[in-house]
Amino acid sequence: MNSELLRRLSLCETDIDGAIRRFSGNEALYISCLNAFLLDPTVQELNEAILAQDWDGAFTAAHALKGLAGNMGFIPLFHATGELVVLIRSGRLMEINESNEQLRNVYNELVTAIRLGSQEN
């Protein structure tokens with residue numbers, strides 16, 4: 001993995017070593033999944049569901065994103081989506097927008113890190 005991508009992911013508190021272990025040590029597969037993550041529609045689906053107050057859809061999208069974040073080693077995104085899952089599940093609707101904004105900030109930092117880090121190949 002190129003050093004710039006490693007550096008940028010590390011700044012986003014990504015557990016790169018743990019993620020690569022989950023990918024059976026296949027670094028190329030992990031990098032391929034990083035690139036696929038950039039195209040994943042789950043965050044958009046989550047935002048659309050929240051705007052529509054479709055709480056079942058929001059829960060499904062947040063739960064899927066939490067699993068994806070965990071597998072990829074995106075620790076802050078994993079925690080942010082976990083918080084959102086809890087808020088939706090418990091019906092704490094007044095707190096969802098703030099939590100989702102924090103999630104989007106973490107997500108945008110990751111996307112930027114992957115894009116910029118990948119350009120340095």
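In this structure, CH2 in W55 is found 4.0 Å from CD1 in I96, a value given to the nearest 0.5 Å. One finds the OH atom of Y107 at 9.0 Å from the CD atom of Q44 (value rounded to the nearest 0.5 Å). Here the CG atom belonging to L46 is positioned 13.5 Å from the NZ atom belonging to K66, to the nearest 0.5 angstrom. Put simply, OG1 on T14 and CD1 on I75 are 8.0 Å apart, with the number rounded to the nearest 0.5 Å. Expressed to the nearest 0.5 Å, how far CZ of R8 lies from OG of S118 amounts to 10.0 Å. With rounding to the nearest 0.5 angstrom, the CD atom of Q102 is 6.0 Å from the CD atom of E83.
Listed for the S10 side chain is a donor-acceptor partner under 3.5 Å among the backbone atoms of L6. Within the 3.5 Å criterion, the main-chain N or O of V86 finds a donor-acceptor partner in the side chain of S90. Under a 3.5 Å cut-off, the side chain of R22 and the backbone N or O of G70 do form a donor-acceptor pair.
Contact check for L68 versus M72: side-chain heavy atoms found under the 4.5 Å cut-off. Side-chain contact check for T81 versus V106: every heavy-atom pair is 4.5 Å or farther apart. The shortest side-chain heavy-atom distance between N100 and L87 does not fall under the 4.5 Å cut-off. Within the 4.5 Å cutoff, no side-chain heavy atoms of L116 are placed close to those of L5.
Ring centroids of F74 and F37 are separated by less than 6.0 Å, placing the two rings close together.
Side-chain polar atoms of D40 and T42 form a donor-acceptor pair below 3.5 angstrom.
Closest heavy-atom contact between G73 and A19: N-CB, 4.0 Å. Shown here for E109 and C12, the closest heavy-atom pair between the two residues is O-SG, 3.7 Å.
Open room surrounds CD on E13; 12 or fewer heavy atoms of other groups in view lie less than 6.0 Å from it.
Using a 4.5 Å cut-off between side-chain heavy atoms of Ile, Leu, Val, Met, Phe, Trp and Tyr, with links allowed through other members, V85 and L51 fall into different hydrophobic clusters. I20 and L110 fall within a single hydrophobic cluster, where Ile, Leu, Val, Met, Phe, Trp and Tyr side chains are chained together by heavy-atom contacts under 4.5 Å. Hydrophobic clustering (ILVMFWY, side-chain heavy atoms < 4.5 Å, transitive): I16 and V111 are in one cluster. When hydrophobic clusters are built by joining Ile, Leu, Val, Met, Phe, Trp and Tyr residues whose side-chain heavy atoms come closer than 4.5 Å, directly or via intermediates, I114 is grouped together with L29. F78 and I88 sit in two unconnected hydrophobic clusters of ILVMFWY residues. Membership requires side-chain heavy atoms under 4.5 Å apart, directly or through other members.
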